[in-house]
Peer 1: 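Please see the structure below; I have some questions.
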Number of protein chains: 2
Amino acid sequence: MKAVRKVDDKNKTREAILNATETIMREDGYAAVSSRRVAAEAGLKSQLVHYHFGTMDELFLALFQRADAQNFDRHMQLMTAPNPLCELWKLNTDRKGMGLIFEFMALANHREALRKEIARANVRTRSLQISILKRALDESGVPLDKFPPNVLSLLMAGAALELVTEASIGVHDAHSDTLKFVENLLQSIEPIHATTKTVG
Amino acid sequence: MKAVRKVDDKNKTREAILNATETIMREDGYAAVSSRRVAAEAGLKSQLVHYHFGTMDELFLALFQRADAQNFDRHMQLMTAPNPLCELWKLNTDRKGMGLIFEFMALANHREALRKEIARANVRTRSLQISILKRALDESGVPLDKFPPNVLSLLMAGAALELVTEASIGVHDAHSDTLKFVENLLQSIEPIHATTKTVG
DNA sequence: GTCTATAGGCCGATAGAC
DNA sequence: GTCTATCGGCCTATAGAC
């Protein structure tokens, strides 16, 4: 009984620390993340951060892994979605999901462990996206060499990244035109259809 | 005579500080940039950083402005290039030019002055790219509504950003396929021709 | 324009008690 | 698992002499 209690406390504290870290990174950037700041945000003592995560590097790594796991799960759900291409585009352009990407990329520039982890996550997600896209293209009868799934995945990611990046600095100059263009293109591959397929 | 000497010294010191800041940002990220580190890298006293730039925020701002001016100049040169579309793609995918983008974007997340400046630079460059693309499309007789220049500019920037981003973390999974795809597309708009136009 | 000196503050991480 | 106490270090920025 007591052991279970301790484990629960441990996980709760860990989650609280990760949540606090994420909040600070979103609001003030990674450079503002310190064991003292995180502890204050979570209502804890700073030494607990070190107890649960060791170094600050390991804390960043754990936060990235949690975010990546969530992102991967959301992709997995698209494997059985009725209109995966459209859903994939929505997922890519979700600003909240992308909010920490620059912080992590900047961190990765000089933290080798994190760089490797981001690379691993990128490859894994790309691979899943390719499976999703293959199915979408197959179902629509689009020849795979017209839009190779791996190329499509990268280009969609790029377009979405640019849109989210610019939006984050308050620039929206060609956005509605680009959204129209991309959505037209995606619809030409995957026509809209109802969630429940109708006969015929 | 003496006044000129002072001004030269001033500019030299300023440049040395900016160069040192850039080096540190590339190697260890923006969080590693401190007045002491910059001064050490440049062989100066840390107080000179404050004398010449005031706060660290202003130093980051000045460095961004210098980089943006260089980038804008390189774009201007494309206004008279023989194959601007191809050159624009090269410029966008130049990894050295993009090296600090994540650092600045991460900084911009919580430094308002820098965010505004990056937004301004983004709009200005986008606008110039659109002019360049219009000319390229006109010369090739491609109808502007097939590839609207503003959309094309954003999509090229996005594709390039994704390629550079992944390359920076050591991922190259779909890169050669994507490069072939994009370059084929660009060549269908702007066929390769020699630097000196032949009569014909 | 560059120097010395210094104020005032936050940082990561550990040791040892409970 | 959480506490108190603490070491040693780097930080921004300013004041005032030259």
Peer 1: Tell me: CE of A/Met56 to P of C/dT14, nearest whole Å?
Peer 2: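 Answer to the nearest Å: 13 Å.
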Peer 1: Please give, in whole Å, the distance from D/dA13 C1' to B/Asp57 CG?
Peer 2: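 Computing the B/Asp57:CG to D/dA13:C1' distance gives 13 Å.
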Peer 1: Does the pair B/Glu162/A/Arg126 count as a salt bridge with the N-to-O cut at 4.0 Å?
Peer 2: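 Between A/Arg126 and B/Glu162 there is a salt bridge, with a charged N closer than 4.0 Å to a carboxylate O.
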Peer 1: As a test of reading the structure: which of D/dC11, C/dG12, C/dT2 is closest to the side chain of B/Ser34, going by heavy atoms?
Peer 2: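 Nearest listed nucleotide: D/dC11.
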Peer 1: For the side chain of A/Arg37, counting heavy atoms from C-beta on, which of C/dC11, C/dG12, D/dT2 is nearest?
Peer 2: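 Side chain of A/Arg37 sits closest to C/dC11.
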Peer 1: Could you give the NE2-to-C1' distance, from A/His50 to D/dT6, as a whole number of Å?
Peer 2: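 Between C1' of D/dT6 and NE2 of A/His50: 14 Å.
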Peer 1: Say whether, by atom type as modelled, one donor and one acceptor occur between the side chain of B/Arg14 and the main chain of B/His52 under 3.5 angstrom.
Peer 2: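 It does hold such a pair.
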Peer 1: Please give, in whole Å, the distance from C/dG1 P to B/Lys45 NZ?
Peer 2: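 Rounded to whole Å, this separation is 19 Å.
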Peer 1: Of the nucleotides D/dA13, D/dT4, D/dT2, which one has an atom closest to the side chain of A/Gln47?
Peer 2: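 Shortest atom-to-atom distance from the side chain points to D/dT4.
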Peer 1: Please work out if A/Ser46 contacts a base, only the sugar-phosphate, or nothing of the nucleic acid, heavy-atom cut-off 4.0 Å.
Peer 2: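 Here A/Ser46 touches no strand at all.
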Peer 1: State whether a side-chain donor-acceptor pair under 3.5 Å links B/Glu27 with A/His110.
Peer 2: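 B/Glu27 vs A/His110: no donor-acceptor pair found between side chains.
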Peer 1: Quick check for you: among C/dG12, D/dT2, D/dA5, whose closest atom lies nearest to any side-chain atom of A/Thr13?
Peer 2: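 Minimum distance to the A/Thr13 side chain belongs to D/dT2.
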Peer 1: State whether a side-chain donor-acceptor pair under 3.5 Å links A/His172 with A/Glu166.
Peer 2: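 The answer is no; no qualifying pair exists.
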Peer 1: Given D/dT4, C/dG1, D/dT2, identify the nucleotide with an atom nearest to the side chain of A/Tyr51.
Peer 2: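 Of the candidates, D/dT2 comes closest.
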Peer 1: When the distance from CG of B/Leu48 to C1' of D/dT14 is rounded to whole Å, what number comes out?
Peer 2: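 Result: 14 Å.
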